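Here the structure is laid out as structure tokens; the discussion comes afterwards.
Residue numbers begin at 1 in each chain, while the letters A, B, ... track the order of the sequences. Being a predicted model, the structure only gives us computed values, none of them experimental.
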2 protein chains.
Amino acid sequence: MSILNDRQRLVLALIIHDYVETAQPIGSQGLVERYKLEFSSATVRNVMVDLTDAGYLRQPHTSAGRVPTEEGYRYFVRQLMGQTELPANTRRTITHQFYQAGQDVNRWMRLAASVLAHQSQGASLVTAPHPEQARFQHLSLIATHGRQVLMVVVWSGGQVRQQILTLAEPVSQEMLNTATDHLNRTCQGLDADGLAALGGQFDALEQDILRLVGEEMLRMQRPVSGEVFRDGLTNVLAEPEFAESDSARKALRLLEERPLLEDLLSRTVLHSSMDDVQVLIGGEGTWEELRDCSIVLARYGAPGLMTGALGVLGPTRMSYGRTVSAVRFVSGMLSDLVIEMMADE
Amino acid sequence: MSILNDRQRLVLALIIHDYVETAQPIGSQGLVERYKLEFSSATVRNVMVDLTDAGYLRQPHTSAGRVPTEEGYRYFVRQLMGQTELPANTRRTITHQFYQAGQDVNRWMRLAASVLAHQSQGASLVTAPHPEQARFQHLSLIATHGRQVLMVVVWSGGQVRQQILTLAEPVSQEMLNTATDHLNRTCQGLDADGLAALGGQFDALEQDILRLVGEEMLRMQRPVSGEVFRDGLTNVLAEPEFAESDSARKALRLLEERPLLEDLLSRTVLHSSMDDVQVLIGGEGTWEELRDCSIVLARYGAPGLMTGALGVLGPTRMSYGRTVSAVRFVSGMLSDLVIEMMADE
DNA sequence: ATTTAGCACTCTCGATATGAGAGTGCTAAA
DNA sequence: TTTAGCACTCTCATATCGAGAGTGCTAAAT
């Protein structure tokens with residue numbers, strides 16, 4: 001990566017700024033006029049040649065204006081963008097909305113997806129927080145009909161998972177109550193290892209239940225185990241570069257199909273530290289589908305305890321400042337909420 | 001609506017069939033050649049004039065082929081299409097998949113959305129089944145931290161809803177157990193009226209809980225209360241008429257935004273009888289956003305007890321035969337599953 | 001050593017023209 | 001009632017053309 005002088009940096013920033021707005025190649029004259037630059041268009045042209053040689057700009061064709069390359073965007077994001085924040089009143093409004101959502105995690109998720117989509121004008125996704133180290137908290141067994149039993153397990157993060165079991169033989173609600181009481185007293189706060197270490201102090205029924213609880217625990221600890229919340233998918237379609245809709249389709253499919261999504265998240269954000277915003281520009285050579293897209297990702301939650309991921313998909317030509325600040329803000333918001341929730345319990 | 005003779009009906013059916021495949025206006029010559037018709041293209045042209053006068057066909061411009069009108073599709077769906085079914089082996093495969101999903105309602109929903117999207121090549125949506133008449137089954141209260149209590153309510157359909165309460169003052173887990181035991185014994189199987197009718201046989205804590213349970217019950221009985229499962233949104237983008245992406249955006253937004261969706265469902269499928277497939281062609285004058293789209297909808301579930309809705313969105317030029325059979329089949333499948341589940345409990 | 005004015009050159013984009021092709025509607029004959 | 005024949009219409013793809021925007025280069029100016 002070349003080292004740019006101030007003028008080069010200024011011109012690059014201005015070109016990116018204008019191109020993000022207009023989606024049109026940016027020419028030297030227009031730039032000088034719009035920003036009343038104190039050097040001439042010829043000088044700008046010289047600078048443009050430098051930036052093109054450095055790989056930060058390109059021309060769609062001879063004698064058209066310049067367009068940022070992926071490298072150009074990367075330089076901008078790393079070196080030029082600075083730490084922007086959402087406007088104070090926007091932050092207040094959003095905070096208020098989260099506050100109103102109370103303790104309902106599903107509402108947090110929906111709200112986060114909605115805020116991200118709205119602020120960034122892109123497509124957003126938010127994965128539900130999942131425990132990195134699930135701990136058992138409470139169990140209910142409810143006899144329904146014959147050998148069918150509804151098992152409801154509450155985990156220490158407050159997640160609730162239910163499942164219907166079919167037992168080998170009918171069991172009365174009384175016996176179920178006895179078993180749950182025993183298990184609830186004994187297993188409180190145990191993690192997977194703890195559960196496995198418990199010896200033969202249980203009868204057959206309790207052993208069975210314990211095994212199922214253990215399986216559920218494993219399922220829950222997978223990275224994209226729960227629901228994925230999305231919003232603003234149609235925003236992406238509004239961008240002119242996706243008018244032809246084919247690349248848009250490919251990109252949206254990435255968000256729609258779970259395996260692709262798991263791949264994406266596990267290769268990037270899961271290894272990053274909390275609330276650290278990552279910007280993937282143009283697929284970074286790995287995702288063909290994302291040729292003309294960028295993704296802004298972050299991981300949120302209580303490190304080591306309960307984490308999730310969130311992100312925004314938009315065209316490469318997106319407003320990185322706004323998007324990064326939105327992602328950072330929402331990620332921090334959710335982290336605070338999750339940490340607070342964990343502390344309560 | 002005019003009465004058509006056999007030849008007119010045949011020509012209309014063939015034009016719709018071809019147009020659905022090619023998305024191109026259909027001409028008289030091509031029709032005669034492709035289907036080796038025993039009358040000439042001139043005759044077909046005469047028939048086309050009749051069908052155009054009747055309002056079932058139109059010409060994009062003078063001297064282009066014919067294209068079905070919305071009325072044409074309606075006539076086709078009502079009179080010509082017949083009762084088609086998915087192929088037997090497809091039905092078997094799908095049945096098998098549902099069977100493998102066990103009793104997990106969320107998996108049913110995801111699978112239903114996926115099957116609908118795949119079979120119809122459109123965008124699908126499925127609302128979770130919600131109780132028409134919720135009955136209380138079981139309650140758990142779990143003390144978490146200070147005055148915070150996690151309330152988990154199980155309804156007679158097997159739905160589980162959780163919520164975090166903040167009590168006026170700290171309460172021990174013992175006291176919570178006593179209260180839940182009492183409430184679980186007393187309220188088993190009661191509906192909203194039943195709960196309201198219970199007099200002063202409860203202490204203050206129990207009264208509070210009961211009130212919250214009642215509120216939750218009301219929330220749950222709203223038509224689109226739970227999650228909405230979607231799939232295949234990108235299928236729609238693949239259709240040539242949505243290449244320009246603007247009308248596609250409008251239509252997909254209808255599925256993305258909950259209020260619009262509630263409006264759509266409440267005005268149509270909620271008043272229909274179970275497993276009865278409704279076809280809305282071109283917005284039916286009510287939904288501007290659906291100008292070039294059709295929606296195939298059905299209601300599923302156990303009538304009076306637990307119902308949901310499902311549907312497919314596609315271009316007006318969609319294969320109604322395939323889509324209607326897919327919607328009918330999946331709807332019947334889910335109805336069976338829900339009824340079976342209700343009978344178990 | 002930079003910066004700038006001047007200018008020729010290039011390329012896109014929209015407007016306009018043109019011809020092939022597909023399809024119709026009409027008329028008159030079968 | 002059906003059909004062959006034919007003139008007519010309209011679209012679509014292609015080609016042409018000029019305006020406009022923007023560049024790169026050179027030589028002069030700072």
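Under the Watson-Crick and G-U wobble criteria, each requiring two contacts below 3.5 Å, nucleotide C:dA29 is paired to D:dT2. Under the Watson-Crick or G-U wobble criterion, with both distances below 3.5 Å, C:dT24 is paired with D:dA7. C:dA17 is paired with D:dT14 under the Watson-Crick or G-U wobble criterion, all donor-acceptor distances under 3.5 Å.
In this structure, B:D292 has no salt bridge (charged side-chain N to carboxylate O under 4.0 Å, His left out) partners at least two apart in sequence or on a different chain. Residues satisfying the salt bridge (charged side-chain N to carboxylate O under 4.0 Å, His left out) criterion with B:E85, sequence neighbours excluded, are B:R91.
The distance from the CZ atom of B:R74 to the OH atom of B:Y56 is 11.0 Å, given to the nearest 0.5 Å. Interatomic distance, B:Y75 OH to B:L51 CG, rounded to the nearest 0.5 Å: 9.0 Å.
B:F329 pairs with exactly one of B:L116, B:L86, B:V115 by the side chain to side chain contact (heavy atoms under 4.5 Å, CB included) rule, that one being B:L86.
Side chain of B:T69 to main chain of B:G55: a donor-acceptor pair is present (N/O by atom type, distance under 3.5 Å, no hydrogens or angles).
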**OP:** Between protein and nucleotides 17-25 of chain C, map the contacts as a letter string: B base, S sugar-phosphate only, - none, heavy atoms under 4.0 Å, written 5' to 3'.
**Re:** ------BBB
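One interatomic measurement links the two molecules: CG of A:L37 to C1' of C:dT2, which rounds to 17 Å at whole-angstrom precision. Put simply, CZ on B:R7 is 8 Å from C1' on D:dT2, counting in whole angstrom units. Atom pair B:N46:CG and C:dC26:C1' shows a separation of 10 Å (rounding to whole Å applied). For the pair A:E38 CD and C:dT4 P, the computed distance is 10 Å after rounding to whole Å.
Position along DNA chain D of the nearest nucleotide to B:S40 versus B:H61 favours B:S40 as the more 5'-ward residue. The 5' end of DNA chain D is approached more closely, in terms of each residue's nearest nucleotide, by B:S41 than by the other of B:S41 and B:P60.
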